[in-house]
Amino acid sequence: MNFEDLIQDIYHKIKTIEDPGEMASYIPELSKVDPTNFGVHISTINNINFGIGNYNDKFSIQSIAKVLALILAYRIVGDEIWNRVGVEPSGTAFNSLVQLESDQGIPRNPFLNAGAIVVSDILLSNLKNPKEDFIAFVRSISENKTIQYSNKIAQSEKKVGYRNVALCNFIKSFGRIENEPSDVLDFYYDLCSLEMSCKELSELFLFLANNGNDIKSNKSVLSESQSKRINALMQTCGFYDESGEFAFKVGLPGKSGVGGGIIAIHPDQYAIAVWSPKLNKKGNSHKGMKFLEEFTTRSELSIF
Ligand code: GLN
């Protein structure tokens, strides 16, 4: 498969289509990003690395960081994590509160804001210096010391984070948050503010295409079974109430963020990252979804 030609071809086609999406302006700092940015980067387990467009520009990875938080918490507490957060798709928006009442403060899955807030609480309880330890973990699995939080973006989100405050307090009211809600949220905003490029994202996530093992060092980031489970969750819950549609049209485990990034994994093949900041109604990158749909359709490579 000549990924380079295919990616170039699809990239140029999707670049010119009209984009009805909107920027994630609910986080004021994110609306300052140039909406015409569009980048793609693929990293394969056979060591093909190819990028096009703004693939080297860093952007706010937002909810893609929820996967990294989950991975670190899973490594630390193991299967106990599933007592605090479920593994079912919710069919609701990423910031929804509705199911928490009937589910007694147990979020349906770790990729909803509610779920990632619980994962943040777990990390806060288990790490000595959560902010420093988390970024050290991300840097260690990516072997990239340039990865940083954006304090500007974290502060911008904190100022208007009323829904996340509500989610965290609501979960705490069921006795299911151990730490102070303001500390949990500060950490949650920090992790959402991580900035990475498509190239960095596809390189970092490649271990999930390689049974949990780092490609270069062959070190285990997750066991094979844990890696399968993270991929399964990305497949079923990675796009909130558009997860079914992503499986239907793209057919890969993946995760989106409101910064307009998407990471998708083809087990045993590759990790691919796409960035285009304008979002569809479900909060997922409009062009990113279109690009990946065409990529898996024309390459005839998906997990189905
Ligand atoms: N930080 C964002 C929020 O809490 C993450 C949402 C997302 O990327 N879907 O709203």
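Order of listing sets the numbers, starting from 1, for every ligand and every atom in it.
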- Item | Polar side-chain atom of Lys66 near backbone of Phe111 as donor-acceptor pair, under 3.5 Å | yes
- Query: Between Arg163 and ligand 1, which part of the residue brings a heavy atom under 4.0 Å of the ligand: side chain, backbone, both or neither?
  - Reply: neither
- Message: Among all the protein's non-hydrogen atoms, which is closest to atom 8 (O) of ligand 1, and how far away is it?
- Response: Ser63 OG, 2.6 Å
- Message: Using a 3.5 Å distance criterion without hydrogens, assess whether the side chain of Asp103 forms a donor-acceptor pair with backbone atoms of Pro107.
- Response: no
- Query: How does Tyr189 reach ligand 1, if at all, at less than 4.0 Å between non-hydrogen atoms: by side chain, backbone, both, or neither?
  - Reply: neither
- State the atoms of ligand 1, each with its element, that fall below the 4.0 Å cut-off from a heavy-atom position in Tyr26. 2 (C), 3 (C), 6 (C), 10 (O)
- Task: Ignoring hydrogens and angles, tell me if any N or O in the side chain of Ser102 forms a donor-acceptor pair with the backbone of Gln99 under 3.5 Å.
- Result: yes
- Message: So for ligand 1, is Lys66 a polar contact partner (N or O within less than 3.5 Å, distance only)?
- Response: no
- Message: In this structure, is the centre-to-centre distance between the rings of Trp275 and Phe291 below 6.0 Å?
- Response: no
- If we only count N/O pairs under 3.5 Å, is Phe94 in contact with ligand 1? no
- Side-chain donor/acceptor of Ser193 to backbone N/O of Ser150, under 3.5 Å: yes
- Task: Determine whether the aromatic ring centres of Phe3 and Tyr270 lie less than 6.0 Å apart.
- Result: yes
- Under 6.0 Å from the NZ atom of Lys199, do we count more than 12 heavy atoms belonging to anything else shown? no
- Kindly say whether Ser276 contributes a backbone atom to a donor-acceptor pair with the side chain of Ser285 at under 3.5 angstrom? yes
- Gly257 heavy atoms within 4.0 Å reach ligand 1 at atoms 8 (O)
- Note on the structure: atom 3 (C) of ligand 1: closest protein heavy atom, distance to 0.1 Å, is Glu157 OE2, 2.9 Å
- At a non-hydrogen distance cut-off of under 4.0 Å, which region of Cys192 contacts ligand 1 (side chain, backbone, both, or neither)? side chain
- Query: Looking at Tyr188, which atoms of ligand 1 are within less than 4.0 Å of one of its heavy atoms?
  - Reply: 1 (N), 2 (C), 3 (C), 4 (O), 5 (C)
- Task: Identify, by atom number and element, the atoms of ligand 1 in contact range of Tyr240, meaning under 4.0 Å from any of its heavy atoms.
- Result: 7 (C), 9 (N)
- Query: Okay, side chain of Thr297, backbone of Glu293: is any donor-acceptor separation there less than 3.5 Å?
  - Reply: yes
- Query: Quick one: does ligand 1 sit under 4.0 Å from the side chain of Asn95, the backbone, both or neither, non-hydrogen atoms only?
  - Reply: neither
- Presence of salt bridge, Lys13 and Glu294, under 4.0 angstrom: yes
- Nitrogen or oxygen atoms of Asn164 and ligand 1 under 3.5 Å apart: yes
- Query: For ligand 1, does Asn113 get within less than 4.0 Å through its side chain, its backbone, both, or neither, judged by non-hydrogen atoms?
  - Reply: side chain
- Considering only heavy atoms of Gln62, which atoms of ligand 1 have at least one such atom less than 4.0 Å away? 1 (N), 2 (C), 5 (C), 8 (O)
